[in-house]
Each structure stands twice: as structure tokens, then as C-alpha cells.
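So the structure is just underneath, and the comments pick up after that.
None of the values given here were measured: they were computed from a predicted structure.
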2 protein chains.
Amino acid sequence: MFIGAGQLRYAPSNIYLFHQEDPAAVGYFLLEGKVRLAQLAPGGKQVIVDIISPGRYFGFFVASANMTYPISAEVIEDSTVYCWEAETIRELVLRFPRVALNSMELIAKRFARLQDRMQMLATERVEQRIAHALLDVSQFVGKEIENGAMIDLALSHQDLAEMAGTNIYSVSRVLRKWEDDDIVSTGRQRIRLCNPAHLRLLVEGG
Amino acid sequence: MFIGAGQLRYAPSNIYLFHQEDPAAVGYFLLEGKVRLAQLAPGGKQVIVDIISPGRYFGFFVASANMTYPISAEVIEDSTVYCWEAETIRELVLRFPRVALNSMELIAKRFARLQDRMQMLATERVEQRIAHALLDVSQFVGKEIENGAMIDLALSHQDLAEMAGTNIYSVSRVLRKWEDDDIVSTGRQRIRLCNPAHLRLLVEGG
DNA sequence: CGAACGATTGACCCAACTCAAATGCGGTGG
DNA sequence: CCACCGCATTTGAGTTGGGTCAATCGTTCG
């Protein structure tokens with residue numbers, strides 16, 4: 001949408017598209033690559049809020065609202081983005097109300113997802129949280145193998161820990177246990193879900 | 001806004017305006033009273049996502065998106081709400097783009113707030129989380145006394161626990177400690193922040 | 001006055017965090 | 001091709017925050 005009003009931009013791995021607290025001047029749509037949205041806590045720890053894969057918007061609504069970015073966006077895989085100035089977004093929304101409605105629907109879904117994650121952090125124990133985080137992220141960034149029975153994720157233990165609100169040691173121990181039970185298989189910066197159904201059980205069951 | 005397109009409704013304490021999983025058919029604006037938005041976790045525990053005070057919208061964006069409510073809304077103080085059918089909201093957004101823009105700004109702020117809460121749940125320890133939750137909720141539902149030096153909250157330990165992702169026992173212990181330090185004073189379903197600045201220190205500091 | 005409910009307190013215990021150290025893997029440069 | 005370095009991961013041991021349970025107390029209200 002809005003092709004023409006914004007501009008295409010190539011962003012190599014490891015750069016930041018924007019930093020937390022920066023005035024939100026630009027909204028993005030990811031065409032290709034991968035971007036990590038993280039929030040830095042006072043004290044050094046950070047939380048990964050989301051991992052963006054192609055076809056998704058980010059920093060879009062804040063930009064329309066004249067705020068500062070509440071999170072940072074780090075490119076973790078060479079990416080191509082399409083981006084719009086905040087002012088342009090506002091004009092487009094005013095000109096094409098349909099766009100606004102779509103945006104509202106989009107954000108409502110993201111909102112629900114965020115609430116789910118909040119609940120998981122508030123009520124679940126580490127093993128469930130890790131399962132939850134894996135399933136959540138696999139909806140978008142996973143590469144399916146063999147009719148979806150397996151999902152391959154490019155994800156470090158560090159990332160997973162920051163999504164589940166724990167540390168790399170606990171992540172390692174949990175993954176090891178699951179590996180013994182053939183639920184996942186792990187490698188350097190790679191996690192393969194061999195049995196997503198079992199993970200789902202863990203999340204539901206308790 | 002939109003007066004005329006929706007309708008006024010009186011809702012007594014203890015009823016639910018909507019339940020989690022219900023199709024989101026109506027969006028609300030609170031004129032008077034207090035409403036608790038909570039999400040029930042599989043396993044009985046629940047998380048209080050927000051406490052709504054007069055002047056705020058809720059269930060509004062989900063309604064515009066043809067989804068099911070991701071949370072339940074319980075009236076916890078006799079309330080007056082103004083509400084719109086989902087279809088009406090969509091029509092209004094399409095007809096008055098300005099409304100859409102305002103909505104997007106509104107939701108972006110809420111989004112940022114939710115992300116903050118997520119971070120707190122993921123990285124902070126219980127004492128900080130409770131301080132955080134108190135400050136967060138006091139922005140909206142507190143009654144200021146003596147030029148803001150004190151804030152009076154109608155809040156049970158149970159509520160606070162469900163906001164901070166802990167249990168009533170830990171809440172009680174933390175509040176007791178703070179009471180000994182004259183940071184708060186407590187009563188039945190009532191918490192008075194005597195020294196919000198000190199709480200803010202706790203949140204920042206670590 | 002008594003029932004119901006919120007709050008308190010103590011004792012116990014375990015999940016998970018911390019720290020330290022070892023191990024393995026990948027890429028690089030000689 | 002091998003040696004080396006840096007980083008991700010693993011593993012063990014020790015510690016503890018805070019969750020759980022049980023019992024009690026206080027207060028509100030019918």
C-alpha cells in the first residue's frame with residue numbers, strides 16, 4: 001500500500017533502523033530480511049518484544065502518533081524495507097480512511113498478541129514461557145520442513161531468553177531436556193521444532 | 001465524540017460488560033465509574049491488564065477489527081458507559097478520517113504502555129514490579145491528596161498481585177515493609193501512596 | 001452477633017538465578 | 001590444512017527470592 005509515497009531502503013545486518021527514545025519520524029514495512037524489536041530496561045537487561053519477518057509493519061503507529069519510539073529496531077538479517085515519513089502516514093490516513101480501518105484491525109491483533117505475552121510472563125513458569133516464546137515466534141519467522149511437522153528457527157539462546165524473560169542457562173537446560181525427548185533439536189543459533197504439538201501441550205497443560 | 005451514533009448505558013458494579021472470547025460486537029467509552037480489564041490464563045490465574053477510569057476507551061479497537069475480545073471487562077464501581085456497535089465504529093472511522101488518526105495515536109500510546117508492563121514483568125523482581133504497578137495505575141485511578149504528594153487508590157491486594165504478576169502474600173509483605181518506611185499506608189481495599197517519589201526511585205534504581 | 005472476606009504472618013521448600021569453568025563450533029589467517 | 005580466537009553453548013554447584021500452605025486476625029455487613 002501507498003507505493004510511491006514512501007521510499008525503498010536497503011538495510012544491512014547489525015544496523016539499527018531506530019533507537020528507543022528517538023522521535024518516531026518514520027514508519028516501516030519489511031519486504032525482506034529480519035528485524036528485532038527490543039526494549040532496553042534500566043539495568044542493562046533487554047526484552048525482545050517481537051521479531052519482524054517480511055510482510056509486516058513496525059514503528060508505524062508510533063510514527064503516526066508523534067511519539068518517541070518505545071523500542072529499538074535492529075536489523076539481524078540483511079533487509080529491504082519500505083518506509084514513510086510520519087507526516088506522510090498521517091496524510092495518507094486522512095486521505096484514505098480505508099487504510100485507517102485496516103491499520104486499526106492490524107494493531108488490534110498485535111495488541112491481543114502482546115497481551116498474551118504479558119499473561120505468559122506474569123503467570124507461567126520458565127519451561128512454559130520458553131515453549132510459548134518458541135511457538136509465538138515460529139508463527140512468523142519459522143521455515144517449515146516436511147509439511148509443517150518441523151520448523152526451523154534462526155534464533156540464539158540469548159534471543160530466546162530475552163523473549164521468555166529468563167537467562168541463557170535456563171534456556172540451555174530446558175532445550176537440553178526437550179532434545180532428550182526429541183521435541184526439538186538444536187545447533188548454533190538454530191533451533192528446530194520437531195514436535196510443535198508437544199510444545200503446544202506444554203503451554204496449555206501447565 | 002460520535003454522540004448520537006451510540007448509546008448511553010448504566011452498568012452496576014460486579015457485572016461484566018463482555019467476556020474474553022466473546023465476539024467483539026461493541027466498543028466502549030467510560031464516562032463514570034471504574035472497569036477492570038483482565039485476562040484469564042489457562043490454569044485459573046488471571047492477569048489484570050488495565051484498570052479503566054473515566055475518559056478512556058476500551059474494547060474499541062477489537063470491535064473495529066471483527067475479532068473476539070482478548071480480555072474480560074468487569075465493572076468494579078457503578079459505571080456509566082457510552083457504547084457503539086462494531087459496525088457503527090467502522091462506518092464512523094470511514095466517514096471521519098480524523099477519528100481514525102486520533103484512534104491510532106491513542107492506541108500507539110497504549111501499546112507503549114503495554115510494552116513497558118511487559119518489560120517489567122520480564123526483568124524486574126517482585127518489589128519493583130509492585131512499585132511499578134502502583135505507579136502505573138495511579139496515573140489514572142488515583143485520587144490526589146495535598147498537591148499530589150499523596151495518592152489514594154481503591155485497590156485490593158488481590159488486584160495488585162494480579163497486576164504485578166505475583167500473589168497476595170508477597171504483596172502483603174512488600175506493603176508491610178513500605179509501610180514501616182512510611183512510603184505507603186494501607187487499609188482494606190485501599191492503598192495510599194505517601195511517597196510516590198520513593199517508589200519511582202525503586203523502579204528506576206533496581 | 002456471626003458469616004464472609006481481606007489481610008497478615010510464619011514455616012517450608014523448590015524453581016530458577018548466579019557464577020565459574022569447561023566445551024564445542026565456525027571462521028580466519030598463516 | 002591447521003592453529004587459533006571468539007563466541008555460543010553447556011554443565012555443575014551454590015544460593016535465594018518468592019511461591020505455597022496453614023493458621024490467625026481484623027473488619028465489614030447482613
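Side-chain N/O atoms of A:Arg173 and base N/O atoms of D:dG12 include a donor-acceptor pair closer than 3.5 Å.
A sub-4.0 Å separation between OP1 or OP2 of D:dG19 and a side-chain N or O of B:Thr166 is present.
The aromatic ring centroids of A:Tyr28 and A:Trp84 lie 6.0 Å or more from each other. Ring centers of B:Phe18 and B:Tyr69: under 6.0 Å apart, within the cut-off. B:Phe111 and A:Phe111 have their aromatic ring centers within a separation under 6.0 angstrom.
Remark on DNA chain C: of its neighbouring residues A:Ser170 and B:His157, the 5'-side contact belongs to B:His157, judged by nearest-heavy-atom nucleotide. The 5' end of DNA chain C is approached more closely, in terms of each residue's nearest nucleotide, by B:Gln158 than by the other of A:Asn167 and B:Gln158.
Taking atom CG of B:Asp159 as the reference point, atom P of C:dG6 lies 10 Å away to the nearest angstrom. Following rounding to the nearest Å, A:Leu175 (CG) and D:dT11 (P) show an atom-to-atom distance of 11 Å. One can place CG of A:Leu155 at 19 Å from P of D:dC7, the figure rounded to the nearest angstrom. The CZ-C1' distance, from B:Arg129 to D:dG17, rounds to 10 Å in whole Å. The nearest whole Å value for the distance from the CD1 atom in B:Ile168 to the C1' atom in D:dT20 is 11 Å. Per the geometry, CD belonging to B:Glu124 stands 15 Å off P belonging to C:dC17, to the nearest Å. In this entry the distance linking CG of A:Leu160 with P of D:dT10 reads 11 Å, nearest Å. Atom CG in B:Leu153 sits roughly 18 Å away from atom P in C:dG6 (whole-Å rounding).
Of all heavy-atom pairs between A:Ala164 and A:Leu121, the closest is O-CD2, 3.6 Å. What you find for B:Leu30 and B:Ser79 is that their closest heavy atoms are CD1-CB, 3.8 Å. Across every non-hydrogen atom of A:Arg56 and A:Asp50, the tightest pair is NH2-OD2, 3.0 Å.
Two residues are said to be in side-chain contact when any heavy atoms from C-beta on lie closer than 4.5 Å; A:Ile48 and A:Leu37 fail this criterion.
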Listed pairs, N/O of protein and of nucleotides 22-30 of chain D, under 3.5 Å:
from: D:dG26; atom 1: N2; to: B:Arg188; atom 2: NH1; distance (Å): 3.3

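Of the candidates D:dG17, D:dT9, D:dT10, the closest approach to any side-chain atom of A:Thr186 belongs to D:dT10.
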